[in-house]
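These notes concern the structure reproduced below.
Atom set for the values below is all heavy atoms of this structure, side chains included, hydrogens, waters and symmetry mates excluded. Quick caveat, the model's predicted, so the values are computed rather than measured.
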Amino acid sequence: MTDNKISSNILYIGADDKELDLFEGQYVIPEGISYNSYLILDEKVAIMDTIDARKTNEWLDNLAAALNGRKPDYLIVSHMEPDHSANVKRVMEMYPDITVVCTAQAQKLITRFFGVAPAADKMKLVKDGDTLALGTHTLQFFTAPMVHWPEVMMTYEQSEKILFAADAFGKFGALSYDDPEGWACEARRYYFNIVGKYGVQVQAILKKLAGLEITKICPLHGPVLDENLDYYLQTYNTWSSYEPEDEGIFIAYCSLHGNTEEAALKLASLIKSESSVKVSVSDLRHDDMAEAIEDAFRYDRLVLAAPTYDGGVMPIMEDFIHHLKIKNFQKRRVAFIENGSWAPMAGKKMREAMETLKGIEIVEPIVTVESTVKPATVEALKQLAEALI
């Protein structure tokens, strides 16, 4: 993309937000986020989504500059989450003749958010496969319910073969940030924490799109994707089918006084010394929970290590397992390290929680740390390392 041009007649009019510290009030975004919006200029002019209220003034300036005196004919509403729909009412007020194009579910949400919906003659409700001609450009709509709200739709521009993908294929990070780790790292954290629960629904929209020739993907967050599109589509297929992306072992631990931590790190050291298996380790007390969720889904093996607490599991581990469950964690081999000074229960509780999930294989033995790591503990950890390898 050069400057604001997606192509000669499709312009980028979104904005970066580098000041926001928590996306959706819970995900840390040290490199910011982009709110993407696009404009298609043809015989008819279509605005492809608005952006967050935090950047309204910048967006309105970008819109005015791109319109260059013209008036928009259509506002395409792909997704009603406020970071994309905050200016829908503003556009309706600024351009009384504009037609809002969206799904029936989105129409209901427009009323809920703004207290008013466009008049019937200024509202075009679309269904799967419906088209809208702008001139040389024709938009085709594909509903994508629960990816990740019920009203979501994607739009395919037939002449230039561009997919406007709503929240799919998005990533954390402002567009001005040149991510040294590439697209996948922050796209993966974004996907599993925001869309991850809805793998079945993502699979459904991928099937709808399978017959299309796509030259560019324009998401609502993150960069426009215009090279190696098979990679992005295949990666989304892997993620949404809950298959491991990489072979490796992710060890997630928490610790009250350092003894469970010692056992977890010893296990990581044993695996590394005995094999070439990739090992990733996270201290849940200090590390970003969203990154821990990302790594749990990335690798094919998971180790949970936690002390017993109040007859159960240390709360931070309980919270981590809760996050895994609500994001549909599945199809992995899982092992456990527990600690307890008089009545170890963490292993039992963690195992019970994980056995409720689909396709989970428990790796034996469950290693019990009796207060501190001793030679017998190390021997048990060696057995577990061998079983995981």
Side-chain angles (χ1 to χ4, degrees), residues 4 10-17 19-20 22-25 32-42 44-127 130 132 134 139 141-155 164-168 170 194 218-221:
N4 68 330
I10 301 178
L11 305 180
Y12 178 85
I13 56 172
D16 276 350
D17 188 344
E19 291 77 41
L20 186 67
L22 292 176
F23 184 74
E24 292 190 349
I33 192 78
S34 69
Y35 310 121
N36 296 346
S37 173
Y38 309 91
L39 188 72
I40 302 178
L41 298 167
D42 205 322
K44 301 288 187 180
V45 176
I47 301 171
M48 308 298 292
D49 292 290
T50 73
I51 69 171
D52 193 277
R54 292 170 55 87
K55 293 294 178 178
T56 290
N57 291 338
E58 184 175 344
W59 182 74
L60 290 175
D61 289 344
N62 293 344
L63 174 63
L67 286 170
N68 194 26
R70 296 188 66 178
K71 290 185 177 181
D73 299 280
Y74 299 104
L75 170 61
I76 313 300
V77 178
S78 304
H79 183 19
M80 276 300 299
E81 202 164 6
D83 52 334
H84 308 299
S85 70
N87 290 285
V88 167
K89 185 178 180 183
R90 176 74 69 94
V91 170
M92 290 161 50
E93 293 169 344
M94 290 175 60
Y95 304 104
D97 293 329
I98 200 167
T99 297
V100 176
V101 182
C102 64
T103 63
Q105 188 70 40
Q107 180 188 33
K108 296 177 183 177
L109 291 178
I110 289 173
T111 303
R112 288 180 179 176
F113 273 108
F114 303 112
V116 61
D121 63 339
K122 297 302 176 186
M123 173 70 74
K124 181 177 177 62
L125 301 182
V126 294
K127 304 182 297 297
D130 285 354
L132 175 65
L134 304 178
L139 305 181
F141 305 103
F142 294 90
T143 60
M146 299 317 299
V147 185
H148 57 118
W149 278 24
E151 86 299 352
V152 173
M153 71 177 184
M154 298 184 186
T155 303
F164 296 89
D167 262 352
I194 295 174
C218 295
L220 288 177
H221 296 292

For Phe23, check ring pair (Phe, Tyr, Trp, His ring centres under 6.0 Å) against everything at least two apart and list the hits.
-> Phe172, His221
Look only at the side chain of [X] and the backbone of [Y], and say whether a donor-acceptor pair between them is shorter than 3.5 Å.
| X | Y | result |
| --- | --- | --- |
| Ser85 | Val88 | no |
| Glu151 | Met80 | yes |
| Thr99 | Tyr74 | no |

Passing candidate, ring-ring contact (aromatic ring centres under 6.0 Å, His included) with Phe164, options Phe141, Phe142, Tyr38 | Tyr38
Which pairs pass ring pair (Phe, Tyr, Trp, His ring centres under 6.0 Å) with one or both residues in residues 86-122, sequence neighbours excluded?
-> none
Less than 4.5 Å apart, side chain to side chain, heavy atoms only: is that true for [X] and [Y]?
| X | Y | value |
| --- | --- | --- |
| Val45 | Leu39 | yes |
| Gln107 | Leu125 | yes |
| His79 | Leu220 | yes |

dist Lys44:NZ -> Asp73:CG (nearest 0.5 Å) comes out at 4.5 Å
Given the options Leu63, Ile47, Leu41, Pro72 meets side chain to side chain contact (heavy atoms under 4.5 Å, CB included) only with Ile47
Scan for side-chain hydrogen bond (donor to acceptor under 3.5 Å, both in side chains) pairs involving residues 49-66, sequence neighbours excluded, and state none if there are none.
-> Asp17-Arg54, Glu19-Lys55, Ser37-Trp59, Asp49-Ser78, Thr56-Asn87
